[in-house]
Amino acid sequence: MPELPDVEVFARDFASRGLNRKIESVDLRDPDRLRGSAPQDLRAALNGYAFETVKRHGKVLFVKVSCGWWLVMHFGMTGFTAFYDDPADEPGHARLVVGFADGGFFAFDNQRKLGWLELTDDVRAYLRSQGIGPDALELDEAAFREVISGTRGSVKPALMDQEKIAGIGNVYSDEILFQAGIAPEHKGNQLDGQQLARLFEATRNVLRQAVECRADPARMPDDWLTPRREDGDDTCPRCGRPLETCKVGGRTAHFCSHCQA
DNA sequence: GGACATGTTTCTCA
DNA sequence: TTGAGAAACATGTC
Ligand SMILES: [Zn+2]
């Protein structure tokens, strides 16, 4: 679930449901999910306070606590957030459960434990220290072109490199390349001006529209690639030919060799 | 049993 | 320096 559009959906949900509610309990079910701080530090930073601001950068979610610290959430491949009132609605792999004084709960769910939590007092410094680059939706066209055309390797791994551009993962990089008509193994420095322009446009459009679809493939347009992946339909939504896969940057790329060059 | 899965980190090798 | 590839992390599904 967790690429930029998914995390943006979590962020909006958090902003509308999680702020200004007094925290009454902090249950870190899996202490190994917390990095850089001890469980009691997390409890001390949350208990008795309230979440007051939400910020997303790339695939990372930051929530400011009224004590001044930020709770940082990395989702890995299977993470998500949940708000609920009935404990019976707790998700199946909640690694952190925060209870509010009004009786409700917040959970950070992380089935595969590839995600983690941290505390920081400075978001900018945190991003710098983690080597996380500019957010995919904040990067302007000139900077985007510079990053991609300065890559000698394949374009797909470049799009997924969080240091170059933050927020794009395996699924959305495939969608972006499909809509731009560019093959995943095309070299970044061999793209012409038109291709770079198409790639930039596709990046913006895909990420923005995916957010509008609430990152739900079922809501995405019929001519998108992502819903096919979800449904196991291996025909190209634009030309009907069979889709292909290849390994790029250690991940499986899905693409149409007829529509993408 | 094996392959694979929306991610990141670390290490090897060219 | 850049980048490709693999392994590791942990869990679940086909
Ligand atoms: Zn096609």
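Residue numbers begin at 1 in each chain, while the letters A, B, ... track the order of the sequences.
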Exercise. Report yes if a side-chain nitrogen or oxygen of A:R112 is closer than 4.0 Å to either non-bridging phosphate oxygen (OP1 or OP2) of B:dT6; otherwise report no.
Key: no
Quiz item: If you measure from the C1' atom in C:dA6 to the same atom in B:dA3, how many Å do you get, rounded?
Solution: 16 Å
Self-check item: Length of the CE-P vector between A:M160 and C:dA4, whole Å
Solution: 10 Å
Quiz item: A:S154 side chain: which of B:dG7, C:dA4, C:dT11 is closest?
Solution: C:dA4
Quiz item: Where do A:R208 and A:E212 land on the salt bridge (charged side-chain N to carboxylate O under 4.0 Å, His left out) test, with the steps shown first?
Solution: CA-CA 6 Å; A:R208 284 185 180 152; A:E212 284 172 26; over 6 Å; no
Quiz item: Below 4.0 angstrom from OP1 or OP2 of C:dC9, is there any side-chain N or O of A:K113?
Solution: no
Quiz item: Under 4.0 Å between a side-chain N/O of A:K59 and OP1 or OP2 of B:dG7, yes or no?
Solution: yes
Exercise. Cation-pi check, A:R33 to A:W116: give yes when NZ or CZ is under 6.0 Å from the six-membered ring centre and within 45° of the ring axis, no otherwise.
Key: no
Quiz item: Do A:F100 and A:F105 pass the ring-ring contact (aromatic ring centres under 6.0 Å, His included) test, and can you show the C-alpha distance, the side-chain angles, and the key distance before you say yes or no?
Solution: CA-CA 6 Å; A:F100 298 105; A:F105 298 94; 8.1 Å; no
Self-check item: Mate of C:dT11 where both pairing distances stay under 3.5 Å, Watson-Crick or G-U
Solution: B:dA5
Self-check item: Span that lies between the P atom of B:dT8 and that of C:dT1, in whole angstrom
Solution: 24 Å
Quiz item: C1' atom, C:dA4 versus B:dT6: distance in rounded Å?
Solution: 22 Å
Quiz item: Should A:R229 be listed as having a side-chain N or O under 4.0 Å from OP1 or OP2 of B:dT6?
Solution: yes
